[in-house]
Amino acid sequence: MSTPKPNSPRKTVQRPSAGSRIGRFLFQSVIFCIGLGLCGLLLGTLAVALTWPNLPDLKAMTDYRPRVPLRVYTADKILLAEYGEERRNVLRFNEIPDVMKQALLAAEDDNFYSHGGVDWSGVGRAVIANVVSGAKAQGASTITMQVARNFYLSSEKSFIRKFYELMLTYKIEQNLSKDQILELYLNQIYLGHRSYGFAAASRTYYGKPLSEVTIAEAALLAGIPKAPSRFNPRANIKRAVARQHYVLDRMEKLGYITPEQHQQALAQKIVLRDNTQETPETNFARHGQYVAELARQLMYNVYKDNVYGRGLSVYTTIRSEDQEVAYHAVREGIMSYTRRKPYPGPAAQVDLPDGIENDTERFDLFLEEIRNKHRDSDDLVTAVVLSASATKVVAARTPEQIYELSGKSLGYVKRALVKSGPVARRIQRGSVIYLQKEGNTWTIINMPSVEGAFISLNPQNGAIESMIGGFDFNRGDFNRVTQAWRQPGSTFKPFVYAAGLERGITPGTNISDQPFHLSAAQTRSKPWSPKNYGNSYTYSQTMRQGLYKSKNMVSIRILQTVGPEFASEFISRFGFDPARQPPKSAYLTMALGAGSVTPLQMASAYSVFANGGYRINPYVIDSVVDISTGRVIMKAQPAVAGDETNRVLDPRTAYVMNDLLRGVAKSGTAARTQATLKRNDIAGKTGTTNQSFDAWFAGFTPKLVGISWLGFDQPKSLGDKETGGGAAMPIWLTYMQTALKKVPVTAPGPMPEGLAKVGDNYYFSEFPLGKALANIGVSGSGARDPNAAKPAGSQSGDAIGKALESFNPMGGPPIRF
């Protein structure tokens, strides 16, 4: 029996303690974190090394050239218009008021001047706030980061874009001062309604320069960048004011404003600029639209589409006071003509549901739709008739603006209130009418269908001082001063008379005023028998009296004496296009103004008389300034009177024509001008075309030329009794009564060499007494001095009839005189 063996000894294993295990874990974790940190640092360094060289250069910032719109100003620096997608007024740092800077810093980045581009403490606060709220309650973008984003980066939300933003932020901080960065932000940031930068936003929302904003207004503007579409005051004034209060609280906390200023700012009511409310600035901008549009077209011809963003300021030759007077003169002239004619009826007739005026909201929407379709025109406002009788009309513009019209207010439309009258002219419930205020009384008037134009310029250099191209630019931008080719009528006669002076005719030459006739045999077509105005004839008239009385027969015989070749060359000296004048086969119709001219051409042509015989070129742009540099890049260099290289008319002819045209303004068809203005340096000529299609007045002093015109765009008669003296001259007079107030009277200068005055008559040295033409078309002995130069003679009229029958540059029926 064996004895059992004792148990074998066992090896004891010692387990590490809990503390030892934790220490080892921590050690490994530290090593891991260090390794991870080193890897991150390595990767970060590599990323920075690879990214930094590829960051964009900062030329867009260091050489800041934002897209600044094209701006057009008057000569006295009043803004007429701006053209471009972005409204922007770039200001230098020291031009921006401190209150605006402080409001922005309080709203966006109060540590801006202490951080290096990224506000890490702000990042921490934002993270905590967002975690606590469970949503994005705060942002951490600094002003520098926003500048980087606005200039170079998209709005894409990604880690890579954010990394680029951080790198670019630091680069900006290294290369620009804090003031430079803040200046860029204040000029570049978008603030709603096409406004870029706080200067533009101040004008957009308040209608005033940034230098004039109050603490309350600055705080409201400073609140917009957070979300321009939500926090701009036009989009939501309540939300904008709530944001403004936050900014004001921050400004007080930061010590930018005192508690008293804080309370005052909170109490201030924000008054926004009303785009529909007229101010002197918006009024004038509208009154200068034709000028601004012409300047824009001229600039576009040079710079094309690039003109709208390169920041050019165009200074025109227009004087604001004169432009304002011209605007009202044309409006008054057109409205005066309109009142002389029968009321044509309402602008429209709409179905006005019964009782709609009792539903304010529905009625307001209805009236707004009517106003959008039938827009106001300055002081002509749209209204809808609620009720009408022979003695009273009630009309509404808005639910709150109800007009009750009676008595004199209905004088112009009495016939339209009679039930037996034509339906198209009848005013009744639902009629869309226009109202105009005269003194304290509203009257019913129709929107004019006639048009008008006016231009004034300096005859010494061609600078245009005022220009109105129509009744209302918003009805169409067609500029009748520069684009309307119309028959000038009798305003063309002075150029025919001037040609006669240079062919031996004198102011005292006796000229037949008997009816003029070309037979069918002579014209080889239809007979031509032009007539004097009113069918009034005398045996004869002197050249002077023929012009004073605007005798057609005298003008025709002068032109017949001058001849077609000389006449065509002569009128071209004044800037008229011979191709726009009657053909040589029908040249005699030129004597009656049967060609085509523009008011601008007429102003230029009459300037030759006004300045003593020099051709000037009208111009409207005086200078162009690049606002980024302040450098003048274009400057007008006009042709001027006195420079003999610009002379186109014999000084003797100019002198005598001035004498003759002053006589017209003293005792001729334009006698009302000198009588009204009480000055003897006024000269001018009325003009009325065949069937009164066009009414003109051309008048001048040696310092100022003005041309007024009235007519229909689609030529038709203004009326049997409408003349240049009655329809166009009042426009000219209204303008000149103001424009000439500060212009001293200019006495006639000395007679030029080679001109002699014998009695009341003038003689050129080559056509002295005894050799000049004594008579034209007057029978009897001594009709002509045998030693005088032979006249061009009468044209047989081989093709006159055919040309006359078809020639009418404005369309419509053949011209008859």
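In what follows, every heavy atom counts, from backbone to side chain, and hydrogens, waters and symmetry copies are set aside.
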Short side-chain donor-acceptor distance under 3.5 Å, Asp622 and Thr317: no
Atom of Asp659, atom of Tyr548 and distance for their closest heavy-atom approach: O-OH, 4.4 Å
NZ/NE/NH1/NH2 to OD/OE distance under 4.0 Å, Arg480 and Asp713: yes
CG (Asp760) with more than 12 external heavy atoms under 6.0 Å: no
Ring centroid separation Phe576 to Phe570 under 6.0 Å: no
Lys549 and Asp513 ion-paired at < 4.0 Å: no
Pair Thr653, Glu502: side-chain N/O donor-acceptor within cut-off below 3.5 Å: yes
Side-chain heavy atoms of Gln674 within contact of Asn680, under 4.5 Å: yes
Distance flag, aromatic centroids of Phe495 and Phe492, threshold under 6.0 Å: yes
Within 6.0 angstrom of Lys666 NZ, more than 12 heavy atoms from elsewhere: no
Main-chain N/O of Asp681 paired with Arg679 side-chain donor or acceptor, under 3.5 Å: no
Non-hydrogen atoms of Thr74 and Tyr315 that approach each other most closely: O-CD2, 4.0 Å
Minimum heavy-atom distance Ala603-Val705, with the two atoms named: O-CG1, 3.7 Å
Worked verdict on Gln691 versus Ser717 for side-chain hydrogen bond (donor to acceptor under 3.5 Å, both in side chains): CA-CA 6 Å; Gln691 300 178 37; Ser717 178; over 6 Å; no
Asn617 and Tyr619: CA distance, side-chain angles, deciding distance, side-chain hydrogen bond (donor to acceptor under 3.5 Å, both in side chains) verdict: CA-CA 6 Å; Asn617 298 312; Tyr619 69 102; over 6 Å; no
Heavy-atom side-chain proximity of Pro507 to Leu501 below 4.5 angstrom: yes
Positive for ring-ring contact (aromatic ring centres under 6.0 Å, His included) with Tyr290, one of Phe471, Phe473, Phe454, Phe478: Phe473
Those residues that, when tested against Ser765, pass side chain to side chain donor-acceptor pair (under 3.5 Å) (two or more places apart): Arg652
Stacked cation flag Lys716 on Phe712, 6.0 angstrom / 45 deg: yes
Beyond-backbone contact of Thr734 with Glu332, side-chain heavy atoms, under 4.5 angstrom: yes
Backbone N/O of Glu569 and side chain of Ser572: donor-acceptor pair under 3.5 Å: yes
Inter- and intrachain pairs under salt bridge (charged side-chain N to carboxylate O under 4.0 Å, His left out), touching residues 731-757, at least two apart: none
Glu644 atom CD: more than 12 heavy-atom contacts under 6.0 Å: yes
Closest non-hydrogen atom pair, Gly706 against Trp732: O-NE1, 3.1 Å
Arg615 versus Ser604, closest heavy-atom pair with distance: NE-OG, 4.4 Å
Nearest heavy atoms of Ala641 and Ile616, plus distance in Å: N-CG2, 4.2 Å
Ion pair Arg503/Glu766, N-O distance below 4.0 Å: no
Option passing side chain to side chain donor-acceptor pair (under 3.5 Å) with His287 (candidates Glu324, Gln323, Arg331): Glu324
Asp76 CG: over 12 foreign heavy atoms closer than 6.0 Å: yes
